[in-house]
Every structure is written in structure tokens, then in C-alpha cells.
Student: 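Let me begin by handing over the structure; questions about it come next.
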Amino acid sequence: MNKRLIYGDIGGTKRLASVVAKEGTTEVARVEYGYYTSTVSGKGTEGDLKTVKRTIPLSDSGVSSVQTTFFRYWTDTYNSSTNPGAAHQ
């Protein structure tokens with residue numbers, strides 16, 4: 001099985017953009033990574049992982065299984081009574 005890693009640039013930092021797995025010339029799986037390009041209150045800051053999209057072809061006719069996972073991060077200031085989440089690192 002061949003694997004190809006593709007990198008992109010987010011805010012001047014190199015990030016993994018996708019991984020493609022092939023058997024011969026046939027793509028058997030693809031994973032694509034999305035990142036926050038700016039700070040979004042309560043969700044994430046620039047460069048944080050935002051989405052992971054997994055695509056697995058199910059047949060030669062173009063039908064695929066696609067799953068997307070969304071990531072959110074605690075970005076507000078910690079307060080034990082009103083914002084008990086952990087501080088964003």
C-alpha cells in the first residue's frame with residue numbers, strides 16, 4: 001500500500017493537509033484535515049485542528065463513505081463557577 005502525505009501552510013506554520021492511501025493506482029482511502037484560519041470565539045484559534053474528513057471508496061462507480069469529525073476548543077477564560085472547562089493551550 002502506498003501512502004502520500006500532503007502539507008499546507010496555515011498562518012505561516014506547516015500543517016498536515018491530507019493523507020491518501022493507494023493500492024497500486026487505486027485510491028482506497030483519503031483523510032483531509034481542516035484548520036481554523038482565524039480565532040473563532042468558543043471554537044478554536046488560528047492553526048487549531050477544525051475538521052477531519054475520511055473518504056473511503058465503496059465501489060468503482062464513485063460511491064464513497066464520507067465521515068467528517070468537527071473539533072472545538074475551549075477558548076474562554078477559566079472560571080470554576082461559570083466556565084469550568086480547561087484553559088486553551
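This structure is a prediction, so every number in the text was calculated from the model and none was measured.
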Student: I need the minimum non-hydrogen distance between Tyr33 and Val52, along with the two atoms involved.
Tutor: CD2-CG2, 3.7 Å
Student: Out of the candidates Lys53, Lys50, Arg54, only one should pair with Thr69 under the side chain to side chain donor-acceptor pair (under 3.5 Å) rule; please name it.
Tutor: Arg54
Student: Shared ILVMFWY cluster between Val19 and Tyr7, side chains joined below 4.5 angstrom?
Tutor: yes
Student: In this structure, are over 12 heavy atoms from other groups packed under 6.0 Å from Arg15 atom CZ?
Tutor: yes
Student: Considering non-hydrogen atoms only, spot the tightest contact between Ala17 and Gly8 and give its length.
Tutor: CB-N, 4.0 Å
Student: What are the two closest non-hydrogen atoms of Ser64 and Thr55, and how far apart are they?
Tutor: CB-CG2, 3.8 Å
Student: To check you understand the geometry: which heavy-atom pair defines the closest contact between Tyr36 and Phe71, and what is its length?
Tutor: OH-O, 3.0 Å
Student: Are Val66 and Leu58 connected, step by step, through hydrophobic side chains (Ile, Leu, Val, Met, Phe, Trp, Tyr) whose heavy atoms are closer than 4.5 Å?
Tutor: no
Student: Could you state the interatomic distance from CG (Asp9) to NZ (Lys14), rounded to the nearest 0.5 Å?
Tutor: 9.5 Å
Student: Looking only at heavy atoms, what is the nearest atom pair of Ala29 and Ile56, with distance?
Tutor: CB-CG1, 4.4 Å
Student: OG/Ser18 to CD1/Ile6 distance, rounded to the nearest 0.5 angstrom?
Tutor: 3.0 Å
Student: Looking only at non-hydrogen atoms, find the nearest pair between Lys22 and Glu27 and report the distance.
Tutor: CG-CA, 3.8 Å
Student: Distance-only, no hydrogens or angles: does the Tyr35 side chain make a donor-acceptor pair with backbone N or O of Leu16 under 3.5 Å?
Tutor: yes
